[in-house]
Amino acid sequence: MSESATTRILGIESSCDETGLALYDTLQGLLGEVLFSQIDLHAPYGGVVPELASRDHVRRLPLLLEQLMLQTGGQRPDAVAVTAGPGLIGALLVGVNFARALAFAWDIPVIPVHHLEGHLLAPLLNGVVPFPAVALLVSGGHTMLIEVRGLGDYVLLGETLDDAAGEAFDKAAKMLGLGYPGGPALAALAEGGDPEAFRLPRPLLDRPGMDFSFSGLKTAFRLASMKVPEEDMTQRKNLAASFQQAVVDTLFRKCQRALQHTGLKRLIVAGGVGANRALRNALQSLAAEGVELCIADLAHCTDNAAMIALAGALHPEMAQSASADFPVRARWSLVKEEA
Amino acid sequence: MSDPIVLAIDTATEACSVAVNGVAGVVEECQVAANAHSQLLLPMISRILQRAGLVLGDLDAIACGVGPGGFTGVRIGVSTAQALAMARGLPVYPVSSLQALAAATVQPSVLTALDARKGEVYAAVYVQDERTGLPVLQGEERVCPPGAVAWPHEGGYWGLGSAWPLYHSEWQQNNVLGWTEDAYPQAEAVLRLALARHLRGEDGCRPDQLEPHYIRPFLPQDQQK
């Protein structure tokens with residue numbers, strides 16, 4: 001890595017349905033970023049189609065790199081950080097091979113980044129120093145509570161036993177005939193609805209522990225939705241609001257529990273569901289209990305390359321030669337297994 | 001005018017193959033290993049450049065086998081070629097992996113056929129140009145069931161590619177002289193084909209125009225749950 005005081009990292013993200021590049025400077029912060037979302041590509045299928053995602057990443061990456069270079073005045077990075085997992089293997093391989101070849105051609109090191117660590121560190125893009133802390137990682141693919149003891153030192157407190165929270169949102173939205181991705185659509189429908197109108201379960205709240213389960217809630221939602229006529233907009237809004245409230249309540253109470261369990265006073269919220277306004281509002285109330293809330297800004301809750309560049313910048317010890325052995329992992333645990 | 005120095009790669013099949021034309025001739029390396037191309041490719045490029053006494057700054061162009069073949073393998077090669085070319089400001093020559101396969105033999109008439117799974121093959125007929133010795137496409141490259149392969153002329157065909165061990169009995173009646181089972185698209189052939197195009201005055205394309213040549217469209221209902 002460069003001997004100068006400042007280091008510029010090019011971040012590359014292609015683990016799912018977002019293609020992103022960003023340039024991050026260890027002194028000046030984020031210098032520029034570009035992101036292409038494939039949402040429209042996958043929408044007709046109601047979910048991400050892996051082969052279509054890979055095909056789009058390979059078309060998009062060179063164009064996005066050109067854009068980023070224009071945006072940042074053609075500055076050459078000192079290292080390339082790239083998402084090496086977890087994610088869709090074909091999609092990851094596109095970004096990783098692109099990243100390694102860039103690093104090789106520029107004769108700079110490459111840094112493999114864990115996608116979830118990128119999410120976890122995303123609040124740092126706003127200059128917040130979030131350790132030690134409890135982290136709620138909540139997206140379409142994950143729902144976890146993690147004790148962040150320090151950089152790279154993560155202990156699992158609880159995780160979902162079935163669906164991820166974002167997945168539950170998407171499935172509920174589908175049952176109401178809303179578009180893809182369903183989460184934001186359901187949240188929009190819930191605006192102005194009565195969150196008390198339907199009694200939906202808060203799974204696992206009655207039991208100790210910090211694990212989550214959303215499948216029972218999903219079933220209760222389906223049964224309730226069958227009684228709501230499609231043209232009854234008020235009831236549809238109420239049902240959406242009730243569902244959202246049940247998810248938010250569950251996430252909120254487990255976060256509270258994790259904070260009590262660890263005695264920590266700081267909560268990081270990361271991942272796509274972190275963009276949900278009802279969740280953000282609910283968590284704000286923790287401030288009254290003396291909890292410092294660290295949430296990434298809305299643009300950096302969902303997948304992006306800025307968080308990957310940042311995570312790379314914080315892990316200079318992971319820098320390696322572009323032509324060295326470089327595993328790409330569809331599955332990759334972030335945490336030490338510990339009670 | 002001396003030849004431009006071209007780094008060539010092909011990763012469309014089980015073979016991960018790289019080649020470069022150094023001062024003392026072509027230096028190449030090929031490893032047959034399925035699902036390892038991502039690990040193999042850059043170290044191989046690094047090694048052949050060293051063996052050829054070259055640095056990346058010496059290169060004038062990149063040549064890339066763009067398929068058809070394994071989707072993931074093709075993308076590994078294409079992403080690598082795009083990034084090398086962008087970072088060094090080089091043009092790229094996309095080369096059909098079937099044409100590169102056809103260049104593996106001196107036989108005048110070749111049916112190249114790669115196993116495309118799902119009971120289909122990627123197939124094309126190539127005939128050697130007498131003047132250049134390079135294979136010229138007859139008709140088009142296509143994906144189809146083995147029974148639908150086109151045999152455009154009477155002359156004896158030589159078979160090349162991974163589909164031949166699977167379907168040779170079905171194809172035997174079409175005046176087949178013989179077939180080679182373990183032939184792969186090689187970067188050395190990609191290199192020769194790119195140099196020939198350069199000689200003809202072709203400039204190659206911009207790296208952001210380099211795309212995989214899948215042939216087979218992807219229909220999401222095909223995908224396994």
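To find a chain, count down the sequence lines: A is the first, B the second, and so on, and within it residues start at 1.
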Part of [X] lying under 4.5 Å from any heavy atom of chain B:
| X | answer |
| --- | --- |
| A/Arg60 | neither |
| A/Pro327 | both |
| A/Tyr45 | side chain |

Legend entry - Charged N-O contact under 4.0 Å between B/Glu120 and B/Lys118: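 No, no charged N to carboxylate O under 4.0 Å.
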Inset, instruction - Inspect the contact between A/Lys218 and A/Glu167 and indicate whether a charged nitrogen and a carboxylate oxygen are less than 4.0 angstrom apart. - result: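 No, A/Glu167 and A/Lys218 are not salt-bridged.
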Inset, instruction - Name the orientation class of the two ring planes belonging to A/Phe212 and A/Phe214 (parallel below 30°, tilted from 30 to 60°, perpendicular beyond 60°). - result: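 The rings of A/Phe212 and A/Phe214 lie parallel, inter-plane angle below 30°.
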Inset, instruction - Please work out whether the ring planes of A/His114 and A/Trp332 are parallel, tilted or perpendicular, with thresholds of 30° and 60°. - result: tilted
Heavy-atom contact with chain A under 4.5 Å, split by part of [X]:
| X | result |
| --- | --- |
| B/Pro43 | both |
| B/Thr72 | side chain |
| B/Leu56 | side chain |

Legend entry - Under 3.5 Å: donor-acceptor pair, side chain of A/Asn304, backbone of A/Thr302: yes
Inset, instruction - Step through the shown structure and confirm whether more than 12 heavy atoms of other residues, nucleotides or ligands are within 6.0 Å of CG on A/Asp107. - result: no
Legend entry - Closest-packed option against chain B by number of heavy-atom pairs under 4.5 Å, given A/Val94, A/Leu93, A/Val328: A/Val94
